[in-house]
Structure formats: structure tokens, C-alpha cells
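Chain naming here is simple, since letters A, B, ... match the order of the sequence lines and numbering starts at 1 in each. We use all heavy atoms of the structure for the numbers below, so side chains are in, but hydrogens, waters and symmetry mates are not.
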Amino acid sequence: MYKRQDESRRQKLVVVEQKKSRRNSVSEEIGRLKKAGQNTEDLVLEMRALSQEIKEHDEEIRAIEEELNNTLLAIPNLPHESIPVGPDDSCNREERQWGTPRNFPFPPKPHWELGEQLDILDFERAGKVTGTRFAFYKGLGARLERALINFMLDIHTNEHGYLELIPPFMVNSQSMTGTGQLPKFAEDMFHLENTDYYLIPTAEVPVTNFYREEILAEERLPIYHVAYSPCFRAEAGAHGRDTRGLIRQHQFNKVELVKFCPPANSYEELEKLTANAETILQRLELPYRVVCLSSGDLGFSAAKTYDLEVWLPSFGTYREISSCSNFEDFQARRANIRFRPAGGGKPEFVHTLNGSGLALGRTTAAILENYQEEDGSITIPQALRPYMGGIERIAPPKEASS
RNA sequence: GGAGAGAUGGCCGAGUAGGUUGAAGGCGAUCGCCUGCUAAGCGAUUAUACGGGCUAAUACCUGUAUCGAGGGUUCGAAUCCCUCUCUCUCCGCCA
């Protein structure tokens with residue numbers, strides 16, 4: 001199908017290019033003849049007809065290319081051979097576990113109850129001010145979220161070698177197409193009326209598109225970027241799922257890791273990127289496991305994905321907190337991001353990777369739940385205390401304030 | 001938001017009465033020469049993409065396209081017309 005279209009396009013291209021070649025040379029000839037004062041009427045007439053033909057050919061080719069392009073944009077990426085094959089998440093493969101879920105001598109509360117009792121989260125007023133699936137962070141809750149953002153950014157920039165970017169939080173449709181959100185997933189995003197702008201669902205979009213339409217010198221690779229951004233997701237089709245708490249919001253914060261590298265090392269880079277994200281959970285001493293998504297659970301654009309799942313006591317399960325993927329050249333083709341091989345030669349597509357390092361809302365939820373005490377207070381993880389001005393504990397307010 | 005100016009090759013910068021301009025000149029870069037070394041000097045080369053041919057080939061030959069983007073006029077457009085985008089200056093506004 002694709003092959004046939006492509007061949008027909010190429011054939012037509014040859015024909016039209018021959019005609020253009022003739023037009024160019026004859027036009028030049030006409031110029032010369034006119035200068036010499038000779039009659040050129042016949043040639044002009046002939047060229048008029050030829051130009052018309054060329055116009056028709058160009059139109060045909062354009063139509064074929066558009067059709068071809070549409071076909072291409074709707075095709076998902078090919079899964080990597082190392083991932084488990086299966087129809088859905090039941091076939092995902094657990095790679096490893098880290099830490100041991102704490103044994104609570106009391107029934108652990110869900111984070112939204114803790115947050116409301118501590119007066120650091122306010123879902124009700126967010127519902128009034130905006131709507132469902134939004135939250136206010138308040139007092140030490142806001143402080144905790146802010147501390148986590150800085151904590152993550154510092155580790156990734158200082159220890160893991162990522163260069164920080166603060167991206168635009170809106171992007172145009174071309175960028176959304178480049179990373180694979182468009183055209184297929186338009187309903188998952190917030191589109192700004194009367195514009196070509198979308199609120200970003202993840203910093204992956206602006207950061208990956210940073211190098212769109214560029215040819216990078218191979219010496220510059222690999223490129224590592226880390227970016228904090230809020231993320232906006234319409235969560236279409238998620239009615240009734242995770243309706244309470246911070247797990248599934250229309251807006252949440254995230255620190256995102258993005259890599260660009262030559263094809264040869266992209267799987268090595270995926271392991272490193274995943275390990276970088278894991279570091280955050282380890283420093284926060286949050287139990288988690290790493291899962292390799294099966295072919296059926298894999299996203300549209302990814303070739304291989306590791307999910308990091310953090311332990312949430314009130315759920316009694318692990319929940320996704322980071323998703324680390326290798327897109328191979330899928331995004332690079334769409335966004336036309338290439339590199340020139342060190343030895344010279346034709347530009348090749350880079351491989352792109354990204355992963356959350358980490359999603360903030362879920363991290364906050366995990367800290368509240370895993371570090372809760374019987375009286376409803378929260379112990380701040382050791383590693384985070386410098387970012388909290390030395391605060392060790394978030395205690396319930398003496399009197400209910402509002 | 002109002003008024004004006006502009007967008008040319010890695011960079012700077014020519015080129016508007018449409019016709020060897022893929023594009024002068026300069027800088028930079030590369031190669032060679034020269035020179036005890038360095039500097040200077042001299043010579044040559046110096047865009048990219050996509051096709052076709054020939055191939056071991058990213059080499060070579062050849063075609064097409066590209067002077068912000070898209071469309072139009074014309075036998076022929078960097079040069080004329082329209083639309084859009086972006087940049088700059090002034091005013092207004094604003095964090």
C-alpha cells in the first residue's frame with residue numbers, strides 16, 4: 001500500500017522534473033533570443049502549455065504526498081523485541097522491586113484525607129474555582145511540592161548531567177504532531193480557542209521539539225535535558241477512575257527527562273534514564289517496582305517503556321509515577337530531528353527518549369501516605385529536609401482553620 | 001493594540017525598470033604553497049534536501065527545489081502582486 005503510493009509518487013516526480021528542466025532551459029533560451037531581437041512567439045506558446053502541464057503534475061504529486069503522510073502519521077511505533085508480548089497490562093513484566101512497603105500498626109489513610117486534615121490540600125475550593133480534578137496546595141503542602149521540584153531538578157542537573165530548560169507551557173499543533181500527540185489524540189488535550197495552541201500534556205512536547213527541523217553535530221550527542229512544567233490533560237474517557245486525590249488531575253506538575261542520542265546507544269540510554277528516575281525514589285526512600293510494558297500496554301509512540309510504580313499504602317498497590325520510554329526514531333522522523341555522523345555523510349535520525357523524573361502530584365501523595373503517623377502527621381523524608389527549611393514534620397493544625 | 005522598517009548562503013552583506021544570480025564582495029572554515037616557529041602572504045575549495053544514472057561507496061555524473069512561509073502574475077521571479085509568520089524601532093499597555 002505504502003510502497004505503491006511511494007512508487008507512483010517517485011515516477012511522477014521524474015516526469016515533472018524532466019518537464020521543469022525543459023522549461024528552465026527554454027526560458028533561458030527565450031531570454032537570449034529576445035536580447036538578440038529575434039521572434040520567440042512559438043516558444044512562448046509552447047512553454048505556456050508546458051507550464052500548465054507542470055502545474056497539474058505538481059498538484060497530483062502534492063495530493064499523493066498528503067495521502068502518504070496521513071497514512072504514516074496514523075501508524076504506531078514498532079515495539080522493541082525485548083518487551084513481553086500480550087494484549088494488555090496483565091502481560092507486563094516486573095523487572096525489579098526496591099524497598100519494602102512499611103507495615104502499618106494502624107489503617108493507613110488515603111493522601112486526600114491526610115491532606116485535608118493537615119490543611120495542606122484543598123480539593124473542594126479547587127472544584128469551586130475551576131472544576132473537578134483540580135487542587136489547591138496550601139501552606140506546607142505547597143512548600144512540599146516546591147521542595148520536591150527543586151530536589152529533583154538539583155539531582156538531575158548536578159548529579160546526572162542534564163541541562164535544565166523551562167519550556168513554554170503551550171505549543172502549536174506542529175509540535176504536538178512531532179512528538180505523536182496529534183493527530184490521533186486531540187481529545188486528550190486542552191486546545192486554546194481561536195488559536196493553534198495547546199496546553200502541553202508533558203514537557204516532553206516542547207523539549208523534544210526544541211530541536212525540531214534541526215541537524216545536530218554528532219559530537220553534541222547525547223543531549224540530556226531536564227524540564228519542570230505543569231502538565232494539562234483532559235483525561236477524556238477516564239470518568240470514574242481515580243476521582244479522588246492527586247492521582248489523576250487535569251493539571252499536575254512534573255519534572256521531565258529528555259534525551260537525544262545516536263541510534264546505536266539508545267537502549268543503553270534508556271536503562272540509564274530509568275536509573276536516573278529511580279534515584280529520586282530511592283533518595284526519598286519510597287518503595288517502588290519497575291515494570292516493562294507489554295506490547296499491548298505500550299503507548300502509540302514508544303518502542304519500549306519502563307514504568308516506575310510507587311507503593312501507595314491506602315491503595316495497597318503500586319501506582320505509576322514515572323514512565324521511561326525509548327521512541328527510537330519515531331518522534332525524530334515526525335519532528336525531523338537528525339544528526340550528521342562524525343565521519344561526515346548523510347544526516348540520520350536521532351533516537352529520542354524521555355521519562356518522568358518524577359510526576360509531582362503522585363510523589364506528594366506517596367510521601368503523605370508512606371510517611372504518615374497514627375496521629376495524621378507526616379514525617380518529611382531525610383533527603384528533602386534541606387529543601388523544607390529543616391522542617392521534619394507536618395503536624396495537624398491545633399484548631400481547624402480555613 | 002497603533003505607526004513604521006525589515007527577513008538573502010556558517011556569519012556579515014550586495015543584488016528592485018523580472019532573463020547564465022545558487023546567488024557579487026567580505027569574514028570565517030578546509031586543503032595546498034610559502035616561511036627557523038608564529039603572524040602575515042599566495043592559490044584553490046567552501047549550502048542543503050529530494051529524485052535519476054553509475055556504483056563497493058556517504059565517491060562521481062545529472063535533474064529538481066530552496067533568497068522567512070504559502071499562494072498568484074509570467075515563457076521565465078530573490079526581484080512584481082496577495083496572504084501569513086517572525087524580527088526590529090517608536091507610541092500605548094502590562095508582569
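Under the ring pair (Phe, Tyr, Trp, His ring centres under 6.0 Å) criterion, the residue pairs touching residues 46-85 of chain A are His80(A)-Tyr267(A), with sequence neighbours excluded.
For the pair Lys12(A) and Glu60(A), the salt-bridge criterion is met [side-chain N within less than 4.0 Å of a carboxylate O]. At a threshold of 4.0 Å, the pair Arg32(A)-Glu29(A) counts as salt-bridged, since one of the basic side-chain nitrogens sits closer than that to a carboxylate oxygen. Classification of Arg23(A) and Glu46(A) as a salt-bridged pair fails, no side-chain N sitting under 4.0 Å from a carboxylate O.
If you take CG on Leu360(A) and CZ on Arg362(A), they are separated by 12.0 Å, rounding to the nearest 0.5 Å. Note: Leu312(A) CG to Leu286(A) CG = 9.0 Å, rounded to the nearest 0.5 Å. We find the SG-CZ distance between Cys231(A) and Phe252(A) to be 4.0 Å, quoted to the nearest 0.5 Å. Here CG of Leu199(A) is found 6.0 Å from CE of Met170(A). Values are rounded to the nearest 0.5 Å. Rounding to the nearest 0.5 angstrom, the gap separating the CZ atom in Phe151(A) from the CZ atom in Arg283(A) is 6.5 Å.
Between the P atom of rC86(B) and the CG atom of Asp196(A) lies a distance of 11 Å, rounded to the nearest Å. Nucleotide rA49(B) holds its P atom 14 Å from the CZ atom of Phe339(A), rounded to whole Å. Counting to the nearest Å, the P atom of rC50(B) and the CG atom of Asp6(A) are 13 Å from each other. Rounded to an integer number of Å, the gap from CD of Glu29(A) to P of rG19(B) is 16 Å. The nearest whole Å value for the distance from the CD atom in Glu17(A) to the C1' atom in rU62(B) is 11 Å. Remark: P of rU48(B) and CD of Glu348(A) are 16 Å apart, rounded to the nearest angstrom. The nearest whole Å value for the distance from the CD atom in Glu213(A) to the P atom in rU48(B) is 17 Å. Computed from coordinates, the His57(A) NE2 to rU64(B) P distance equals 16 Å when rounded to whole Å.
A gap of 27 Å separates the P atoms of rU89(B) and rU16(B), to the nearest Å. Atom P of rA23(B) sits at a distance of 13 Å from the matching atom of rG63(B), rounded to the whole Å. rG41(B) and rC27(B) are spaced 9 Å apart, taking the P atom of each and rounding to whole Å. Atom name P, nucleotides rU85(B) and rA77(B): the rounded distance is 26 Å, in whole Å. For the C1' atom pair drawn from rG71(B) and rC90(B), the interatomic distance equals 33 Å after rounding to whole Å. Between the C1' atoms of rU74(B) and rG19(B), the separation comes to 12 Å (whole Å). The same atom, P, is picked in rU45(B) and in rA24(B); the two are 13 Å apart, to the nearest Å. Taking the C1' atoms as reference points, rC11(B) lies 11 Å from rA29(B), given to the whole Å.
Take Glu95(A) and apply the side-chain contact (heavy atoms from CB on, under 4.5 Å) test, not counting sequence neighbours, and it matches Arg93(A), Val290(A), Cys292(A), Tyr306(A). Residues meeting the side-chain contact (heavy atoms from CB on, under 4.5 Å) test with Glu392(A), sequence neighbours left out: Arg385(A).
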- Message: What does the B/S/- profile of nucleotides 67-81 of chain B look like, 5' to 3', with a 4.0 Å heavy-atom cutoff to protein?
- Response: ------S-BS-----
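Aromatic ring centroids of His160(A) and Tyr224(A) lie 6.0 Å or more apart. Aromatic pair Phe232(A)/Phe169(A): ring centres not closer than 6.0 Å.
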- Note on the structure: Secondary structure of RNA chain B per the Watson-Crick/G-U criterion (both distances under 3.5 Å; [ ] crossing, | other strand, . unpaired) is ((((((((.[[[..)...(.....]]]((((((.......))))))(((((((......))))))).[[[[[..)....]]]]])))))))....
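In terms of position along RNA chain B, the nucleotide closest to Pro347(A) lies nearer the 5' end than the nucleotide closest to the other residue of the pair Pro347(A) and Arg22(A). Looking at which nucleotide of RNA chain B each of Lys20(A) and Ile215(A) is closest to, the 5′-most match is held by Ile215(A).
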Identify each atom pair where a protein N or O and an N or O of nucleotides 52-55 of chain B are less than 3.5 Å apart, giving names and distance.
residue : atom : partner  : partner atom : Å
rG52(B) : OP1  : Arg10(A) : NE           : 3.2

